[in-house]
There are 2 protein chains.
Amino acid sequence: MLSKKTKYGLKAMTYLARQENNEPVQIGVISKSENISQKFLESILLTLRKNGFLGSKKGKGGGYYLLKDPKDIKMSAVMRILEGPIAMVPCVSLNFYETCDDCPDENACAVHNLMIEVRDSTLNIFNNRSLADLI
Amino acid sequence: MLSKKTKYGLKAMTYLARQENNEPVQIGVISKSENISQKFLESILLTLRKNGFLGSKKGKGGGYYLLKDPKDIKMSAVMRILEGPIAMVPCVSLNFYETCDDCPDENACAVHNLMIEVRDSTLNIFNNRSLADLI
DNA sequence: TATTATCCTATCGGATTACTAGGATATAAA
DNA sequence: TTTATATCCTAGTAATCCGATAGGATAATA
């Protein structure tokens with residue numbers, strides 16, 4: 001299940017992508033327009049900024065804006081920051097790999113191999129979709 | 001993330017699929033072999049039985065067994081019982097559909113359309129893989 | 001009748017999620 | 001230089017979910 005955090009983050013980013021001249025937009029404006037709790041959105045935009053997706057300006061006329069062209073913001077990158085692993089199990093995750101407690105042999109695990117298939121097909125979508133495609 | 005419930009359920013089913021003549025296997029045998037808490041597995045096998053995947057026999061020589069040929073047990077069906085929706089958001093789920101609180105227009109939602117793509121590719125895998133493929 | 005194994009309901013601790021509180025800091029306009 | 005504006009940042013919290021457990025009821029076999 002996609003977390004609200006990820007959903008809200010994606011919606012906010014598409015909102016920013018639609019701005020003329022990449023003008024800064026205030027949190028309150030986005031939160032009202034997209035029906036998102038302002039304080040919650042605040043923390044989400046903060047992590048997006050800390051991870052290099054957004055820039056910010058303080059004071060009057062301030063707000064958040066995209067740091068890159070929407071075409072260059074891959075969904076896989078955003079998903080990994082907001083949602084975490086793309087894989088359904090840690091033992092097939094490329095960026096968040098963990099061994100399973102219960103599995104003596106990963107390659108012999110039936111679930112493992114099925115989940116590799118799912119990961120590959122999902123990753124294929126997220127790698128080939130950018131923020132520009134969402135608009 | 002795939003829940004332990006689903007993972008354990010799938011592992012138990014593949015264990016049963018490997019039995020000669022579809023002989024009943026006791027919970028304790030599976031739980032030991034697959035390193036799964038016996039009581040937890042008990043509840044999982046119970047729901048699989050109630051949903052028509054497994055049959056059971058009480059008393060000595062009893063246990064659980066598959067009710068269908070592994071080839072005829074589609075992953076999509078098992079996933080929906082154990083994990084719930086295959087889609088990442090309820091608003092694109094075919095079997096567990098729910099509207100979003102924050103979305104006034106589903107079709108205009110950027111996240112919505114991306115998640116339809118993901119759902120379709122995942123569903124395509126689960127619909128075309130059976131328990132027999134896991135072995 | 002004793003033993004075996006599933007059936008069933010209820011519960012519980014811990015982790016995660018969605019969200020909130022409250023002030024610190026920086027910027028811009030007056 | 002003051003005031004208003006808006007982000008920055010650290011905690012905290014209520015609610016929910018997950019994984020696992022307890023303990024007995026029921027049914028089948030020997």
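Hydrogens, waters and symmetry mates play no part in the numbers below; they use all other heavy atoms, side chains included. Labels below follow one simple rule: chain letters A, B, ... track the order of the sequence lines, proteins then strands, and each chain is numbered from 1. Keep in mind the model is a prediction, meaning the values are calculated, not measured.
Taking the nucleotide of DNA chain D with the nearest heavy atom to each of A/Glu42 and A/Gly59, the more 5' of the two is matched to A/Gly59. Projected onto DNA chain C by closest heavy-atom contact, B/Lys60 and B/Tyr64 fall at different nucleotides, the more 5' of which corresponds to B/Lys60.
The distance between atom CG of B/Leu45 and atom P of C/dC7, rounded to the nearest whole Å, is 9 Å. When the P atom of C/dA18 is taken as reference, atom CG of A/Leu46 falls 18 Å away, rounded to whole Å. As a whole-Å value, the separation of A/Leu48 CG from D/dT7 C1' is 14 Å. In this structure, the NZ atom of A/Lys4 is 13 Å from the C1' atom of D/dT16, given to the nearest Å. For B/Phe40 and C/dC12, the CZ to P distance is 18 Å, given to the nearest whole Å. Residue A/Tyr8 contributes atom OH, which lies 10 Å from atom C1' of C/dC19 at whole-angstrom precision. One can place CD1 of B/Ile44 at 9 Å from P of D/dG19, the figure rounded to the nearest angstrom. One interatomic measurement links the two molecules: CD of A/Glu83 to P of C/dT17, which rounds to 8 Å at whole-angstrom precision.
OP1 or OP2 of D/dC9 lies within a sub-4.0 Å distance of a side-chain N or O belonging to A/Arg49. Close to D/dC8, at under 4.0 Å from its OP1 or OP2, lies a side-chain N or O of A/Ser56. Within the 4.0 Å cut-off from OP1 or OP2 of C/dA18, not a single side-chain nitrogen or oxygen of A/Ser37 is found.
Residue contacts shown for A/Lys7 are absent, as no nucleic acid heavy atom lies under 4.0 Å away. Looking at heavy-atom distances under 4.0 Å, B/Lys39 makes contact with a base. Residue A/Ile27 is in sugar-phosphate contact alone, with no base atom involved, counting any heavy-atom pair closer than 4.0 Å across all strands shown. Backbone-only engagement by B/Gly63 is indicated by non-hydrogen atom pairs under 4.0 Å involving sugar-phosphate atoms exclusively.
In terms of heavy-atom proximity, A/Gly62 sits nearest to A/Gln26 at O-CG, 3.5 Å. A/Ser76 and A/Asn127 make their closest contact through OG-OD1, 2.7 Å (heavy atoms, listed as atom of the first residue, atom of the second, distance).
Looking at the side chain of B/Lys58, the nearest of the listed nucleotides D/dC8, D/dA27, C/dA18 is D/dA27.
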Fill in: Worked verdict on B/Glu83 versus B/Lys5 for salt bridge (charged side-chain N to carboxylate O under 4.0 Å, His left out)
CA-CA 8 Å; B/Glu83 190 73 10; B/Lys5 182 179 169 188; over 6 Å; no

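By the 4.0 Å N-to-carboxylate-O rule, A/Arg18 lies close enough to A/Glu34 to be salt-bridged with it. Salt-bridge annotation for B/Asp102 and A/Lys4: absent, with no side-chain N of the basic residue lying under 4.0 Å from a carboxylate O of the acidic one.
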